[in-house]
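Contents: one structure, followed by commentary.
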Number of protein chains: 2
Amino acid sequence: MRLVIAQCSVDYAGRLAAHLPTARRLLIVKADGSVLVHSDGGSYKPLNWMSPPCTLREEEQGDGYLWTVTNKAGEQLVITIEEVFHDTAHDLGIDPGLQKDGVESHLQELLAEQIETLGKGWRLIRREYPTPIGPVDILCRDAEGATVAVEIKRRGEIDGVEQLTRYLDLLNRDPLLAPVRGVFAAQEIKPQARVLATDRGISCAILDYEVLRGMDDPSTRLF
Amino acid sequence: MRLVIAQCSVDYAGRLAAHLPTARRLLIVKADGSVLVHSDGGSYKPLNWMSPPCTLREEEQGDGYLWTVTNKAGEQLVITIEEVFHDTAHDLGIDPGLQKDGVESHLQELLAEQIETLGKGWRLIRREYPTPIGPVDILCRDAEGATVAVEIKRRGEIDGVEQLTRYLDLLNRDPLLAPVRGVFAAQEIKPQARVLATDRGISCAILDYEVLRGMDDPSTRLF
DNA sequence: TGATATATCTCGAGT
DNA sequence: ACTCGAGGTATATCA
């Protein structure tokens, strides 16, 4: 990894065109040839960048340098460097990578394993039940044998209710499944989403991730 | 901006939990206190980070250091540093910011100017036709004089079909306009969106930005 | 490889 | 402050 602090201007031409007027910035060149241009603020997103795979061509231009980064699609990032204040290279090796815990897929796995969280005597039909407009998170049967479609979100907003409504419309056309009712399950459900769900006869369930995980086998936990 | 190359492990606890085993990495501390953890590969997204506003507390721990970055919501990024290989600070000043060109609103302007792209004899009523639930991108009449509502997206996904459906429901209550049919126009339409649109009697149109722009470019006109 | 859903999405505009 | 929509979205998963 190479770190350069330089006075530079940047132009990107690819899926769109973008220009950065001259200023002092951090340029990162990673081992795979990718380049990031960072300012001293904003968030984690660089001002401009080129994703790998790509190649960096470096040439002198006047008192400074011209960097041209090109990828396979022909997109170009052109960095005009007027002055270099810092330039170091470091060998980092390969990163072991990130372990995450608490995302939506975990909620879905845990709830599928413990479907009776939603009601006593409920049984799982399957996770990711396929339909032409996308998979239903969980399809199951309640104690009376009626079909239930469950939509799971980390944060329950209005989009999720719309999504579940579409699935219900579709599933209810299948005589083998109909009538199908819906459950909207999330760690947190926004008031607007709850109102819309209730209005459409969809019930809401709040999921407690800690409780679901606590009931799960500790040996399968990430940490 | 401070650049540190260090052997470190990282833990994030906030909206989710994440852990990075020990490895040699780049740590960036920006002027606003935000911290980025980058490896020597991947893409522009850091392995882990804390967005501003946040505060960094630095303390010695054994032979190394313990960094604790905390934001207002109580989320924490904890970096355990075993060994520091590089540590420099640089004054960058304020960045003038990015200028973008060639984005999506052009698509609407171009299609409105060339509404016959959708069908011979079609005439524009107006762009951004106002309704109580937001403006319809384009309202026009086909060769037979029937009203058509057009929703334009760069990437046609299911949300866009939902949006157009809401407009159609509303517009069809207006006796001066009804019956109104819908056209879903995008540079690219996802299969699921196409299925839903077709199911609702909405037709789909693929827009070619280059062709639309080419037709509009005075230099390429015949007269 | 292509399609799809998620994201600690980020970022900006408008209300 | 909040919502809504777009993004050079990126990223992972699954067919």
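No experiment lies behind these values; they were computed from the predicted model shown. So that the names make sense, note that chain A is the first sequence line, chain B the second, and so on, each numbered from 1.
When heavy atoms are screened at a 4.0 angstrom cut-off, K153(A) is found touching the sugar-phosphate backbone but no base atom. Here P191(B) lies in heavy-atom contact (under 4.0 Å) with sugar-phosphate atoms only. As judged by a 4.0 angstrom heavy-atom cut-off over every strand, G14(B) is placed among residues making no nucleic acid contact. Nucleic acid contact for E75(A): base, since at least one base atom lies under 4.0 Å from a heavy atom of the residue.
Taking 4.0 Å as the cut-off between side-chain N and carboxylate O, E58(A) and R2(A) count as a salt-bridged pair. Using a 4.0 Å cut-off between charged side-chain N and carboxylate O, D91(B) and R25(A) make no salt bridge. Ion pairing of R200(B) with E162(B) is present here, as a side-chain N (NZ or NE/NH1/NH2) and a carboxylate O approach within less than 4.0 Å. Comment: E59(B) engages R57(B) in a salt bridge, judged by a side-chain N to carboxylate O separation of less than 4.0 angstrom.
A donor and an acceptor atom, one from each side chain of K153(A) and Q187(A), are nowhere located under 3.5 Å apart. A donor atom on one side chain and an acceptor atom on the other are found under 3.5 Å apart for T22(B) and Q7(B). D101(A) and Y209(A) are linked by a side-chain donor-acceptor pair at a separation below 3.5 angstrom, with hydrogens and angles left out of the test. In the model, Y12(A) has a side-chain atom that pairs as donor or acceptor with a side-chain atom of E75(A) under 3.5 Å. At a cut-off of 3.5 Å, with distance as the only test, a side-chain donor of Q108(B) or R127(B) sits close to an acceptor on the other residue.
Of the C1' atoms belonging to dT10(C) and dT6(C), the separation is 14 Å, rounded to the nearest Å. dA6(D) and dA7(C): their C1' atoms are spaced 15 Å apart (whole Å).
Under the side chain to side chain contact (heavy atoms under 4.5 Å, CB included) criterion, L124(A) pairs with A112(A), I138(A), sequence neighbours left out.
For the OP1/OP2 pair of dA6(D) and a distance below 4.0 Å, the side-chain nitrogens and oxygens of R154(B) include no atom meeting the criterion.
With hydrogens and angles ignored, the 3.5 Å screen pairs a side-chain donor or acceptor of N71(A) with a backbone N or O of G74(A). A donor-acceptor distance shorter than 3.5 angstrom exists from the side chain of D137(B) to the backbone of I152(B), with no hydrogens or angles considered. Side-chain atoms of E157(A) do not come within 3.5 Å of backbone N or O of K190(A) as any donor-acceptor pair.
Every stem involving DNA chain C, taken as at least 3 paired positions in a row under the Watson-Crick or G-U wobble test at 3.5 Å, is listed here: C:1-7 with D:9-15, C:9-15 with D:1-7.
The distance between atom CD of E157(B) and atom C1' of dT9(D), rounded to the nearest whole Å, is 11 Å. Atom C1' of nucleotide dG7(D) and atom CD of Q187(B) are separated by 13 Å, given to the nearest angstrom. Atom CD1 in I133(B) sits roughly 14 Å away from atom C1' in dC4(D) (whole-Å rounding). For the pair D137(B) CG and dA6(D) P, the interatomic distance rounds to 9 Å; values are reported in whole Å. Atom CG in L98(B) sits about 14 Å away from atom P in dT9(D), given to the nearest Å. Atom pair R155(B):CZ and dG5(D):C1' shows a separation of 11 Å (rounding to whole Å applied).
Summary of the strand contacts: L77(A) and Q163(B) both lie near DNA chain D, and taking for each the nucleotide with the nearest heavy atom, the more 5' one is attributed to Q163(B). Mapping I158(A) and N71(A) onto DNA chain D by nearest heavy atom places I158(A) closer to the 5' end of the strand.
Contacts between chain B and DNA chain C, taken as any atom within less than 4.0 angstrom of a protein heavy atom, begin and end at dT4(C) to dT10(C).
Residues from residues 195-208 of chain B placing a heavy atom under 4.0 Å of any atom in DNA chain D do not occur.
Within a 6.0 Å radius of CD1 in I94(B), no more than 12 heavy atoms belonging to other residues, nucleotides or ligands are found.
For the side-chain hydrogen bond (donor to acceptor under 3.5 Å, both in side chains) condition, the pairs that include at least one residue of residues 38-48 of chain B, sequence neighbours left out, are K30(A)-H38(B).
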Sugar-phosphate or base contact per nucleotide [nucleotides 10-15 of chain D; S, B, -; heavy atom under 4.0 Å] = SS----
